[in-house]
Protein chains: 2
Amino acid sequence: MESLRPKISRSVIPRLSVYCRALVAYKDSGVISSDKLSELTGRTAAQIRRDIAYFGQFGTPGKGYVVEELKKRILEILGINRIWDVALVGAGNLGAALLSYKGFKEQGFNIAAAFDNDRNKIGKKLRNVPIRHIKELSRVVKNKKIQMAIIAVPAEEAQKVIDTLLKNGVRAILNFAPIRPAGGASTEIINIDLSIELEKLAHFLNRPK
Amino acid sequence: MESLRPKISRSVIPRLSVYCRALVAYKDSGVISSDKLSELTGRTAAQIRRDIAYFGQFGTPGKGYVVEELKKRILEILGINRIWDVALVGAGNLGAALLSYKGFKEQGFNIAAAFDNDRNKIGKKLRNVPIRHIKELSRVVKNKKIQMAIIAVPAEEAQKVIDTLLKNGVRAILNFAPIRPAGGASTEIINIDLSIELEKLAHFLNRPK
DNA sequence: TAGATTGTTAATCGATTAACAATC
DNA sequence: TAGATTGTTAATCGATTAACAATC
């Protein structure tokens, strides 16, 4: 029997994103060492080699990694060598800001549909994306085969929205509502709770010295 | 010699925020067990007891924790039993959304000043907060003794803004610009990189089954 | 060959969980 | 007292770092 896939530390994945960006920005010769990449990303060289080695051997001892090759492989691993359609639920202040966020498009994330329940917004366009009524969420997500969503609705509505999304094939959610949502097995929900981030800062400032 | 303060796991602090909210929402009797709190927060009872015990003994064996007491202590530990003034740098889409974010005020964070470099915005008010030119950043932050800031400016400007803030007494920063900023020792910088979050989701969807 | 750098193993560090004696 | 639940210790699990043999 082949060896089982080694379990990869969860924190490796976001670091791959960081390496990838450094590689995209790196305009020097065709080869880069873990040491140089360490300098560019602030992670240790040992960690970089370890992280990369989870996915195979792409380096050459004594030389380093071929930049284009490594970049391509990381893009494949992360699944960002393509465009992803994303549904945005909630077109209030935060939702509208996310719709305009340039970084998403740059990294290949396309907000393909936006939803709200505010009659005044429905039918209007934001950044060329029409705002639809939230009752159309199921239909549109299913039709467009959208697998990824961002949630920027009030806490009270978030769980209902999540349930609807999961029922219609969305399996990955970035949630800004301050709840601990119930997901499911083959489902990934990342929660960003902005107040909690500030509370971490408050604690830092508040610590006895 | 007294025993040194035990090193507290970094991940304890955001969990305290979660416990705290559950306690605020908890309207039952005056006492709560780690088991009940576990049910409300989704963390294990053992972890909850462990987390709380880092800061002293507030529970009664056989009974549980007095809700009001525990809540008060957590607020103290987190340093959120007060209002914190926050500077917002960058009043674009994201910045404006953060200025309107209700969760901040609810949790005691007050955006006391906002800055941008767009002539069209300067002098206008957003949610009753006047937008100032970024060249006033040093002066205002120093005058108002602001210790906490949120950064929502483009990547190219972020490091410069951070340097200015640190030079003027701000020691805790929530940074939305997609850079790995250089901070300093007595400084806390939390980075939220929205594209990286979506890349984590992309990787999840892309994983071989 | 000599020098450089990878990939990998073992050691270390840190966080979580399980178990239970102490306590009310 | 009997039952319940804390606080704490030891065991487990997971992630990072250091070191170096293998390799170009």
Side-chain angles (χ1 to χ4, degrees), chain A residues 3-19 22-23 26 28-71 73-74 77 180 200 203, chain B residues 3-19 22-23 26 28-71 73-74 77 180 200 203:
Chain A
S3 75
L4 295 173
R5 200 181 301 136
K7 58 267 148 294
I8 291 158
S9 156
R10 249 185 170 260
S11 25
V12 170
I13 304 305
R15 286 199 299 263
L16 290 184
S17 294
V18 172
Y19 306 154
L23 291 172
Y26 189 66
D28 280 27
S29 91
V31 172
I32 193 170
S33 67
S34 58
D35 228 44
K36 180 67 184 170
L37 202 43
S38 163
E39 197 185 293
L40 297 175
T41 60
R43 317 299 323 197
T44 68
Q47 183 167 64
I48 291 171
R49 291 199 301 277
R50 190 80 204 68
D51 286 351
I52 293 172
Y54 277 119
F55 303 94
Q57 316 190 172
F58 330 135
T60 310
K63 292 279 181 294
Y65 304 91
V66 174
V67 176
E68 283 307 315
E69 216 171 284
L70 182 57
K71 198 199 306 178
R73 262 313 265 140
I74 295 181
I77 293 161
R180 303 279 123 179
K200 287 197 240 172
H203 171 259
Chain B
S3 75
L4 296 172
R5 200 179 305 134
K7 60 267 148 295
I8 291 157
S9 157
R10 250 186 169 260
S11 24
V12 170
I13 304 305
R15 286 199 299 263
L16 290 184
S17 293
V18 171
Y19 305 155
L23 291 172
Y26 189 67
D28 281 27
S29 91
V31 172
I32 193 171
S33 67
S34 57
D35 227 43
K36 181 66 185 171
L37 201 44
S38 163
E39 196 186 294
L40 297 174
T41 60
R43 317 297 325 196
T44 68
Q47 183 167 63
I48 292 170
R49 291 199 301 277
R50 190 81 203 66
D51 287 350
I52 292 172
Y54 277 119
F55 303 94
Q57 315 190 174
F58 328 135
T60 310
K63 291 281 181 293
Y65 303 91
V66 174
V67 175
E68 282 309 315
E69 218 172 280
L70 182 57
K71 198 199 305 178
R73 263 312 266 139
I74 295 181
I77 292 161
R180 303 278 123 181
K200 287 198 240 171
H203 170 260

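Quick note on labels: first sequence line is chain A, next is B, and so on, each numbered from 1. Treat the numbers as computed from the prediction; the structure is a model and nothing was measured.
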For the side chain of [X], starting at C-beta, report the closest nucleotide among [options].
X     : options                : value
B/P61 : C/dT23, D/dC24, C/dT16 : C/dT23
A/Y65 : D/dT17, C/dG7, C/dA22  : C/dG7
A/S9  : D/dA22, D/dT5, D/dT16  : D/dT16
A/A46 : D/dA18, C/dT8, D/dT6   : D/dA18

Nearest-Å distance for atom pair [atom1]/[atom2], residues [X] and [N]:
X     : N      : atom1 : atom2 : value
B/I48 : D/dT6  : CD1   : P     : 9 Å
A/Q57 : C/dT8  : CD    : C1'   : 9 Å
A/R10 : C/dA15 : CZ    : C1'   : 16 Å
B/R15 : C/dT17 : CZ    : C1'   : 12 Å
A/Q47 : C/dC13 : CD    : C1'   : 13 Å

Between [N] and [X], is there an OP1 or OP2 to side-chain N/O distance shorter than 4.0 Å?
X     : N     : answer
B/S34 : D/dT6 : yes
B/T60 : D/dT6 : no
B/R49 : D/dT6 : yes

Legend entry - Where at least one partner belongs to residues 48-66 of chain A, residue pairs that pass salt bridge (charged side-chain N to carboxylate O under 4.0 Å, His left out), sequence neighbours excluded: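 The answer is A/R15-A/D51.
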Inset, instruction - Map every base of DNA chain C to its dot-bracket character, where paired means a Watson-Crick or G-U wobble contact with both distances under 3.5 Å and | marks a partner outside the strand. - result: ..||||||||||||||||||||||
Which part of the nucleic acid does [X] contact within heavy-atom distance under 4.0 Å: base, sugar-phosphate only, or nothing?
X     : value
B/F58 : sugar-phosphate
B/R43 : nothing
A/R50 : base

Legend entry - Minimum side-chain heavy-atom gap B/L16-B/F55 below 4.5 Å: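 In short, these two side chains touch, coming nearer than 4.5 Å.
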